[in-house]
Novice: 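Below is one structure. I have some questions about it.
Computed from a predicted structure; not experimentally measured. Order of appearance sets the numbers: ligands from 1, and atoms from 1 within every ligand.
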Amino acid sequence: MSFDYDLVIIGAGVGGHGAALHAVSCGLKTAIIEAADMGGTCVNRGCIPSKALLAASGRVRELKQAHHLQTLGIQLGQVSFERGGIANHAKNLVQKIRGDLTNSIKRLGVDILVGRGKVAGNQKVTVTTPTGEKTVTAENIIIASGSIPWVPPGIEVDGKTVFTSDQAVQLDWLPDWIAIIGSGYIGLEFSDIYTALGCEVTMIEALDQLMPTFDPDIAKIAQRVLITPRDIETHTGKIAKKITPGSPVVIELADPKTKEVTEILEVDACLVATGRIPATKDLGLETVGVETDQRGFIPVNDQMAVLKNGKPVKNLWAIGDATGKMMLAHAASAQGITVVENIAGRSRTVNYRSIPAAAFTHPEISFVGLTEPDAKKLGEAEGFPVSSVRTYFKGNSKALAEGETDGIAKVIFRPDTGEILGTHIFGLHASDLIQEAANAIAKNTNVKELAFMVHTHPTLSEVLDEAFKRAAEVE
Ligand SMILES: Cc1cc2nc3c(=O)[nH]c(=O)nc-3n(C[C@H](O)[C@H](O)[C@H](O)COP(=O)(O)OP(=O)(O)OC[C@H]3O[C@@H](n4cnc5c(N)ncnc54)[C@H](O)[C@@H]3O)c2cc1C
Ligand SMILES: NC(=O)c1ccc[n+]([C@@H]2O[C@H](COP(=O)([O-])OP(=O)(O)OC[C@H]3O[C@@H](n4cnc5c(N)ncnc54)[C@H](O)[C@@H]3O)[C@@H](O)[C@H]2O)c1
């Protein structure tokens, strides 16, 4: 049987893009369907604009730290910034990267089909455009439809005074006082941006502790450096039961268990950062008998094949946020590459333990693998010992030269085999430093081998070097 394409991808986010590039390198005739913006969430409303805002606001924060600059012998006059200029930096970067991504796809001969894609039975996809509908056939189909912000019931979003990250990345205004619901990635990164630009922040977190998904030691130091000394008031163990937009925005805080209202806040604006849900409605999954899970995620196996009643559906794959495995851009892309490898007959799975993550606050937080409590639980269940070592930026020459000594690296490992189970870093350039540990986990390089690897002096990488050397000595 002949098909229009070897591969059709629904969704041109980072996941779809990564899959398309690899498909071309494997000689597959490929088309990608996009209903909205090329580049998806990451490029248009996620990683890229938020990192542009963090870069600019981080610079403002640094230049305003007169005392810190004085210790380096620098004196500055008044530091000022223009909100619109910072917003434009983000907007221009989005445009540039979206253009580069689109061109890279076109240059490689991938067909871009503009419209809404929908699975229409085995190896068939319909594309709905404003001018009509067309059907294409493909030997393999990848669903890479991504995710959208989740807004809890009771919260009304007007996009102006109460908004999600979709609007926050545009930095349309700087409220004097903003509440941020959620202390996950988006809550942390935007509290960094807003406080650097002079806004007062109130952070509301449903669980009893801030940054609940991070390793507890890291969450503790991150709170000490990123929250406590800044203009941030925190409410933990509280949910925003009802939020009404307007001037002021009215927030009813409640006890998560009893749902009883305990406090009412009136603020200028509210950012809702309570997680994301998959964009998996109306994808035609029923035409191949596939059901999403309760939360709407597409069930997949380790090769990223879509599952129907627990069994892989032939020639149908799903990747990225739509699968809910690890909602990160590079994870989506890695999953796309994995699918193409499997299509090419080279069996491959994704090793999530080796995929790093970072929050781009100032300073940054990064990790790969397990937290210490999770590693200990696993050790107890499987009967192996778990140890950890900590090293500090205050003992690192480069960090001292920079005057940026708030930081810690923590390596969690098996003392019997030297296997790294997890690594967590808080400190300057943590997002770059984590890659060494991620590669070590991916390649199963143990701490004894890592201890002999030579690191440039003086660099921040020596923080991990010291940790590996200390770990290698633990029996
Ligand atoms: C504020 C913010 C900051 C972030 N920062 C980072 C970061 O620093 N690092 C990081 O790794 N991750 C970050 N993320 C997460 C990252 O953006 C996502 O993990 C990533 O975008 C997921 O990629 P994806 O390809 O699965 O989906 P998406 O990027 O969501 O792309 C899916 C695409 O599919 C299209 N689509 C959906 N349905 C259809 C259909 N039926 N037909 C045609 N097209 C369709 C959508 O229009 C969209 O363009 C951030 C997210 C947010 C919100
Ligand atoms: N640097 C990065 O890699 C980066 C940056 C931004 C976003 N992202 C991705 O985007 C996704 C979404 O980010 P996010 O920060 O919205 O989600 P998140 O899952 O990281 O954090 C959400 C937080 O909100 C809390 N919460 C949920 N409901 C609540 C309520 N009603 N009241 C108070 N608190 C509540 C949760 O307990 C949690 O701590 C993340 O999963 C992440 O993968 C990544």
Novice: For a quick check under 3.5 Å, do S57 and H362 share a side-chain donor-acceptor pair by atom type?
Specialist: no
Novice: Looking only at protein heavy atoms, identify the closest one to atom 14 (N) of ligand 1 and say how far it is in Å.
Specialist: C47 SG, 3.8 Å
Novice: Select one of side chain, backbone, both or neither to describe which atoms of L283 lie under 4.0 Å from any atom of ligand 1, heavy atoms only.
Specialist: side chain
Novice: Any nitrogen or oxygen of R276, main chain or side chain, under 3.5 Å from a nitrogen or oxygen of ligand 2?
Specialist: no
Novice: Test of understanding: given a 4.0 Å heavy-atom threshold, classify the contact between Y185 and ligand 1 as side chain, backbone, both, or neither.
Specialist: neither
Novice: Ligand 1 versus K118, non-hydrogen atoms closer than 4.0 Å: side chain, backbone, both, neither?
Specialist: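 Neither; no heavy atom under 4.0 Å.
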Novice: Applying a strict 4.0 Å limit to heavy atoms, is H235 in contact with ligand 2?
Specialist: no
Novice: Using the rule side-chain contact (heavy atoms from CB on, under 4.5 Å), only one of I441, I412, L370, V368 pairs with I420; which is it?
Specialist: I441
Novice: Would you mind telling me if ligand 1 is within reach of the side chain of K51, the backbone, both or neither, using heavy atoms under 4.0 Å?
Specialist: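 Under 4.0 Å from ligand 1, K51 contributes side-chain atoms alone.
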Novice: Salt bridge between E260 and K241, side-chain N to carboxylate O under 4.0 Å?
Specialist: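 No, no charged N to carboxylate O under 4.0 Å.
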Novice: Closer than 4.0 Å to some heavy atom of P212 - which atoms of ligand 2 meet that?
Specialist: 39 (O)
Novice: Could you tell me if E233 and T202 have a donor-acceptor pair between their side chains, going purely by distance under 3.5 Å?
Specialist: yes
Novice: Looking only at heavy atoms, what is the nearest atom pair of I243 and A240, with distance?
Specialist: CD1-CB, 3.7 Å
Novice: I want to confirm something. Looking only at heavy atoms, which of A19, A12, G46 is nearest to atom 2 (C) of ligand 1?
Specialist: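 Looking at heavy atoms only, G46 sits closest to atom 2 (C) of ligand 1.
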Novice: Tell me: protein heavy atom nearest atom 44 (N) of ligand 1, and distance?
Specialist: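 The protein heavy atom lying closest is A35 N, 3.1 Å.
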Novice: So between V272, V151, T274, whose heavy atom ends up nearest atom 27 (C) of ligand 2?
Specialist: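 Going through V272, V151, T274 one by one, T274 has the nearest heavy atom to atom 27 (C) of ligand 2.
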Novice: Report the part of C42 (side chain from C-beta onward, or backbone N, CA, C, O) that has a heavy atom under 4.0 Å from ligand 1; answer both or neither where that applies.
Specialist: both
Novice: Which atoms of ligand 2 are found less than 4.0 Å from any heavy atom of A358?
Specialist: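 Contacts of ligand 2 toward A358, numbered from 1: 1 (N), 2 (C), 3 (O).
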Novice: Has A357 got any heavy atom lying under 4.0 angstrom from an atom of ligand 2?
Specialist: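 Judged by the 4.0 Å heavy-atom criterion, A357 does not count as contacting ligand 2.
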Novice: Would you say the side-chain atoms of E372 and H424 include a donor-acceptor pair closer than 3.5 Å?
Specialist: no
Novice: Does the distance from a Lys or Arg side-chain N to an Asp or Glu carboxylate O, for R230 and D192, drop under 4.0 Å?
Specialist: yes
Novice: Any N or O of L207 that comes nearer than 3.5 Å to an N or O of ligand 2?
Specialist: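 Among all N and O atoms of L207, none is under 3.5 Å from an N or O of ligand 2.
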Novice: What protein heavy atom lies closest to atom 37 (O) of ligand 2? Include the residue and the distance to one decimal.
Specialist: E205 OE2, 2.6 Å
Novice: Enumerate the atoms of ligand 2 whose separation from the nearest heavy atom of K238 is less than 4.0 angstrom.
Specialist: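 Heavy-atom distances to K238 below 4.0 Å select 33 (C).
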Novice: Look at the side chain of N342 and the backbone N and O of T338, then say whether any donor-acceptor pair between them is shorter than 3.5 Å.
Specialist: yes
Novice: Check ligand 1 against G320 and write out every atom of the ligand that is under 4.0 Å from a heavy-atom position of the residue.
Specialist: 26 (O)
Novice: For ligand 2, is there an N or O atom under 3.5 Å from any N or O atom of I186?
Specialist: yes
Novice: Ignoring angles and geometry beyond distance, decide whether A206 reaches within less than 3.5 Å of ligand 2 through its nitrogen or oxygen atoms.
Specialist: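 A206 vs ligand 2: N/O contact under 3.5 Å present.
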Novice: Do any N/O atoms on I239 end up under 3.5 angstrom from N/O atoms on ligand 2?
Specialist: no
Novice: Can the ring centres of F214 and Y185 be said to be less than 6.0 Å apart?
Specialist: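 Between F214 and Y185, the centre distance is under 6.0 Å.
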